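To start, the structure itself, in structure tokens.
The model shown is predicted, which means the values in this text are computed figures rather than measured ones. Values reported hereafter were calculated over all heavy atoms of this structure, with side chains retained and with hydrogens, waters and symmetry mates removed. Just so it is clear: chains get the letters A, B, ... in the order the sequence lines come, proteins before strands, and each one is counted from 1.
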Amino acid sequence: MTALLACSGLTKRFGGLVALDGLDFAVAQGETIGLVGPNGSGKTTFFNVLTGLYSPTSGAASLDAVDIFGKSPQSIGRAGVARTFQRCRLMLDQTVFDNIALGVLRAKPLGLLSTLFRRGRLRADLDATIARAHQLACRFNPQLGAALFRPAGDLTMIDRRRVEICRALIANPRLLLLDEPSAGMTPDETRRLMDDLLAFREEAPHLAVVLVEHEMDVIRRVSDRCVVLNFGRKIFEGLFDAMIEDREVQTAYLGSGQ
Amino acid sequence: MDMGILAQHLFNGLMLGMVYAMIAVGFSLFFGVLDVIKFSHGDVVSVGAFAALGGASAIGLLVDMPGLSLLFGLLAAIAVGGLAGVVIGGTLVLPLRNAPPVNVLLVTLMAGTILREAIRLGVPNGGNPKPFPVLLPQWQITAGSFSIGFDSVLILIAGIGIILATHLLITRTRIGLAIRAVAQDVDVARLAGIDFRRTVLGTFALGSALASVAGLMLGLYYREVNFSMGLVLGVIGFAAAVVGGLGSLLGPILGGFLFAFVQTLVTIVLPTASAYKDVVAFGVVIALIGLFPTGLIAERSSERV
Amino acid sequence: MRSTNLDAAIATGAPPQARSLPGTAAAILVPLAAFGALAGLLQVHEQWETGLLVLAFLAALVLLDRSRAGRSLAEACRTQSGIASTSAVLAALALLWTFREDHYSLLMVATVALYAVAGVGLNIQMAFGGIANFAAAAFFSIGAYTAAVLAGHTGLPHLLVLAAGGVVSALIGVVMLLPVLRTRGHYVALVTIAFGVLLRTLLEVNDTFGGPQGMKIPGFAPFGSDFGDVATIAGFDVSFYLPYALAAAALFALAFLAGRMLERSWVGIAMDAVRTDEIAASAFGLSPARWKATAFLTGNVLIGVAGALYGMMNGFVNPNGAGFGESLIMLSIIVLGGLGNFWGAIVAGAVIIILPEKLQSIQEYRLLIFAVVVIAILRFRPGGILPRPLRTLGRQQGGAS
Ligand SMILES: Nc1ncnc2c1ncn2[C@@H]1O[C@H](COP(=O)(O)OP(=O)(O)O)[C@@H](O)[C@H]1O
Ligand SMILES: [Mg+2]
């Protein structure tokens, strides 16, 4: 099986701090990987480097043989990587649609003149995108679909997460990075969100997902394979059952969990 | 150029730099604790100058003791200026802490307008420049073609002393610790038992008192005050604080002296074009911000994702 | 009725539309009432009349906001913005025609309209791009100085002179682009403040552009006929300010339309995204620098064009107009009107420009009152008089289906 995402020796330093230390990481098409590790182990940094928000210090990364190492967020997004954020980053004063549309904006005609003088094309494009956003939102929650033109700030926490996921999905990415989507939600909300995710997986079998999550039950339920980080280094890679048996993983968690 | 005149310009530049620094420190302190710009700060300088004028004149009517007048003028400046800072901070800035920054900027600019207009309308004949009484000994110190008033030297020394004292206050005392703690992280400071509101208002009092005393010094130095003197000083103080680095303490001091240095340099190098000194100084400000977007002494680390 | 509406809404993703007859009537009447109030303000002479009008205005504001009927009126104007805009245009024309012989009132209206054009530009910069421009008056004056040089010393057609005012204002804005793009929030505010002070001082101490006296500007003469010579239109005696007021209103209509089109498009969403969250926006492939630059320069074009026409109307320009105080007035207008709401600039412009003229006897206290009013509005109504509505798009737009 050839990897969709292949990283090798990925390293990110903040001054003296090595947040990501020679990470080798591979995801195959259609695979869901659970990425775990104590707080500060470098999971978010890994996503930030992958999506081009932070420039990596050294290493290599490619998506389906396209080099994405150190590239701009634009070109990485175009290559097919999309993400959500640990701390929900929505424009709360803007409508739900505005937020979802941000996911496809880079593919839209953004010239001033074409915006002013090609209104017909713009209107058709808007209508098509609204329909698509509506369809996506309804797949997660019909009420969310109906609230497409409400301010995102009016939504519940779980719906805000859903909007973030819709925003990541609307550009049809090949790799989806989810950074602690359950943060700030009740266990019940988390379960419902994971139901959504699994249902969506069924419909998009080629989508690869990397999920950062602290709740082990969630990881067990959704992931095909697990990777454990500690101090920026990969200390485990394999199946869930093997992971919870692993001594190094246990000490990493106990060591920081105290 | 004649050495005496050169020295005169340099001395004048030092004096201006000190005044700018005293004003800029306030901007930086407020920004540190609340992440806001309080633009009425410049007008607090005028308030201080007029309060000092009032206090000193009142004593002057009773007894002819310049020293006592000066003391009362100083106390009046500190009290009135500090109060203005606390009132504006408590009623306008704190409640708007979570509003968009430009709202705070506008509201405090308008508060400054109110202070300015209050002086213009409230002080008899307030629209015109007012002579400031002579309160310091008038000895002249002469060295060759360089001649300087003893009073000017005193003012400069006092100003530098005040800046040093502020620095010690912030770095060495419990109050300073509270201010620094709030500036670092409001939530952690609260957990450590620091009264947020009191610390913020205390910071406003401190910064505003500094600006007020700067107003008094300008009155003593130029022997004249006027109701709108604070507007330009506010802009310059803000510029100095930003160029130096908002949120730090040394930054605004550095920025203040830098601004005065550029102004003085233009006056010395291009005596015929000294009208351009503000043009050049603000040009330098724009260029420096372009080069050092977070100030010469950088503020905090970048935002985490 | 309601449930079918809701079903339809869920099917299309659009909220239910209230397109009832009373709603249409409201969309027609509200703008009429607003312009009626403006006519009243222009007409009154006595202090107490002005006071009464102000009270009525405040009462209307509270009612629109706090009462159910008021809210549905406001909602009707939003959902049927096409009808409301048409009504506003007709009301504006009627107002101008009513005052056709009144120099002073027309000058006021034209001034408000031109400040509102600049307000659209400033809104694009601040409300969309998130760039606090404290030098609007400086760029406005650059437009006027451009007009003074080009109209006074070259034979360039005057429509092109207007355009040049915008272009020069944008070009000079380019010089400031680097510091503006590299900094944020308060730092940008300082860059613009410093630029404003710099420009004003430069114009004052340098004699190339007339020094403190400034420059004379010829009247606006598009297609060869000078507005200053207009004395009759269709047989009616009119003030020469009438064509200026009409041109200013037309300019506002154009700026409004362009601003609206940009807002209700991908461009509008992109600017909002970059302003609210630069990091999320760049994670999704938007370049913050590109959108900030676009907002800043587009805004400057509008401000410069407005300044050019304003200069030609007044016949002169001097450095005072470029000052910090003037920039503050422009900024206050858009913040008071409601950041991001183009109509707000007209309403607030009327309050800030015309009202003080009507309160001559308390002229001394003008600035004081102005400051208190601004503080009160920002403190108790942070979104401004007319807060920016949510973006409406696609099928929902202006009732188009
Ligand atoms: N922008 C940054 N600047 C400096 N250090 C950072 C930055 N972002 C993350 N770090 C550091 O990198 C390490 C990894 O952080 P992070 O990736 O957020 O961990 P996780 O997501 O696994 O909890 C931490 O020590 C954190 O302090
Ligand atoms: Mg994390």
Side-chain angles (χ1 to χ4, degrees), chain B residues 27 31 35-37 39 91-92 95-96 98-118 120-121 127 231-232 235-236 238-239 241-243 246 273-295 303-305, chain C residues 126-127 130 132-134 175-206 278-280 283 324-325 328 331-332 334-336 339 364-379 382-384:
Chain B
F27 276 109
F31 186 82
D35 279 13
V36 296
I37 294 300
F39 224 110
T91 58
L92 296 180
L96 286 179
N98 298 319
V102 32
N103 285 19
V104 183
L105 218 58
L106 264 185
V107 161
T108 53
L109 273 163
M110 292 304 152
T113 306
I114 291 180
L115 292 181
R116 205 155 55 239
E117 290 295 293
R120 187 172 71 85
L121 299 167
L231 190 60
V232 174
V235 174
I236 293 179
F238 179 37
V242 171
V243 164
L246 274 175
S274 65
Y276 287 92
K277 68 179 197 299
D278 285 352
V279 176
V280 177
F282 280 108
V284 169
V285 165
I286 295 176
L288 280 179
I289 296 178
L291 292 175
F292 306 95
T294 50
E303 191 188 355
R304 297 282 175 91
V305 178
Chain C
M126 284 190 63
N133 182 356
F134 280 78
V175 179
M176 285 170 52
L177 223 43
L178 177 72
V180 163
L181 293 185
R182 289 191 53 163
T183 52
R184 277 189 231 172
H186 301 299
Y187 292 80
V188 177
L190 175 67
V191 172
T192 57
I193 290 174
F195 174 76
V197 178
L198 187 155
L199 185 85
R200 189 205 153 142
T201 321
L202 187 64
L203 288 171
E204 230 159 40
V205 300
N206 188 298
E278 260 185 48
I279 291 177
F324 185 48
L328 263 188
L331 200 64
S332 303
I334 67 154
V335 175
L336 280 189
L339 267 183
E364 268 293 280
Y365 300 91
R366 246 176 62 167
L367 266 177
L368 199 62
I369 295 174
F370 172 60
V372 171
V373 168
V374 173
I375 289 180
I377 295 189
L378 285 178
R379 183 82 167 68

Could you tell me how the ring of B:Phe31 sits relative to the ring of C:Tyr187: parallel (under 30°), tilted (30 to 60°) or perpendicular (over 60°)?
perpendicular
So do the side chains of C:Val197 and B:Asp278 get within less than 4.5 Å of each other, counting heavy atoms only?
no
Report yes if some heavy atom in the side chain of C:Phe370 is under 4.5 Å from a heavy atom in the side chain of B:Met110; otherwise report no.
yes
Do you know which of [options] has the most heavy-atom pairs with chain C at a distance under 4.5 angstrom?
options	answer
B:Thr108, B:Val243, B:Val279	B:Val279
B:Ala239, B:Ala118, B:Ala111	B:Ala239
B:Ala275, B:Pro100, B:Gly112	B:Ala275

Heavy-atom cut-off 4.5 Å, strictly under: side chain, backbone, both or neither for C:Leu368 against chain B?
both
Contact origin within C:Phe195 toward chain B - heavy atom pairs under 4.5 Å:
both
Where is the tightest heavy-atom contact between [X] and [Y], given as atom of each residue plus distance?
X	Y	answer
C:Leu198	B:Ile286	CD1-CD1, 4.3 Å
C:Pro382	B:Asn103	O-ND2, 3.5 Å
C:Leu190	B:Val285	CD2-CG1, 4.0 Å
C:Ala189	B:Leu105	CB-CD2, 3.9 Å

When rounded to the nearest 0.5 angstrom, what distance separates CD1 in C:Ile375 from OG1 in B:Thr113?
8.0 Å
Highest number of heavy-atom pairs under 4.5 Å with chain B among C:Met176, C:Glu364, C:Arg200 belongs to C:Glu364
Contact leader toward chain B among C:Thr201, C:Leu378, C:Leu181, C:Leu178, where contacts are heavy-atom pairs under 4.5 Å
C:Leu378
Check whether [X] gets within reach of chain C through its side chain, its backbone, both or neither, counting any heavy atom under 4.5 Å.
X	result
B:Val102	side chain
B:Ala99	neither
B:Leu288	neither
B:Arg120	side chain
B:Ile114	both
B:Leu109	side chain
B:Val36	backbone
B:Ile289	both
B:Phe39	side chain

Any sub-3.5 Å donor-acceptor pair from C:Arg379's side-chain atoms to B:Thr91's backbone N or O?
yes
With side chain to side chain contact (heavy atoms under 4.5 Å, CB included) as the test, would you mind laying out the steps for C:Asn206 and B:Tyr276 before giving the verdict?
CA-CA 9 Å; C:Asn206 188 298; B:Tyr276 287 92; 3.0 Å; yes
